[in-house]
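For reference, the structure is listed below as structure tokens.
Source: prediction; values computed, not measured.
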Amino acid sequence: MAPSSPRPHVVVHAPALDGTRRVTEGAETLGVASHLDDVGEILRLADHYVTDVEHTDFIEWQGGGPQDWPGLSEP
């Protein structure tokens, strides 16, 4: 069996106070997403073609899942 190439470790980080989420691959920041569609576009621009960003093991979601995009908290 041929060794498989390692998959990149992509992380969508916990939401910031403004609701945006940083997307990283290893130590590199790929972009900042404000919506689920942004995650797909950020990955596409990094040459990672993921057709379903909500249901893939390619992405580690931290601080909430793909549907968690809160805005600023009420004071």
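- Taken together through direct or relayed side-chain contacts under 4.5 Å among Ile, Leu, Val, Met, Phe, Trp and Tyr, Val53 and Phe58 form part of one hydrophobic cluster.
- Linking Ile, Leu, Val, Met, Phe, Trp and Tyr whenever their side-chain heavy atoms come within less than 4.5 Å leaves Val11 and Ile59 in two separate clusters.
- Residues Gly63 and Ala14 come closest through the heavy atom pair CA-CB, 3.7 Å.
- Separating the CD atom in Glu60 from the CG atom in Asp57 is a distance of 11.5 Å, to the nearest 0.5 Å.
- The distance from the CG atom of Leu30 to the CD atom of Glu25 is 5.5 Å, given to the nearest 0.5 Å.
- The distance from atom OG1 of Thr51 to atom CG of Leu43, rounded to the nearest 0.5 Å, is 11.5 Å.
- What you find for Ala33 and Val23 is that their closest heavy atoms are CB-CG2, 4.3 Å.
- Between the side chains of Ser34 and Asp38, at least one donor-acceptor pair of N or O atoms lies under 3.5 Å.
- The shortest heavy-atom contact between Asp18 and Thr20 is OD1-OG1, 2.7 Å.
- The minimum heavy-atom distance between Tyr49 and Arg44, with the atom names listed, is CE2-CG, 3.3 Å.
- For Arg21 (side chain) and Trp61 (main-chain N/O), no donor-acceptor pair under 3.5 Å exists by modelled atom type.
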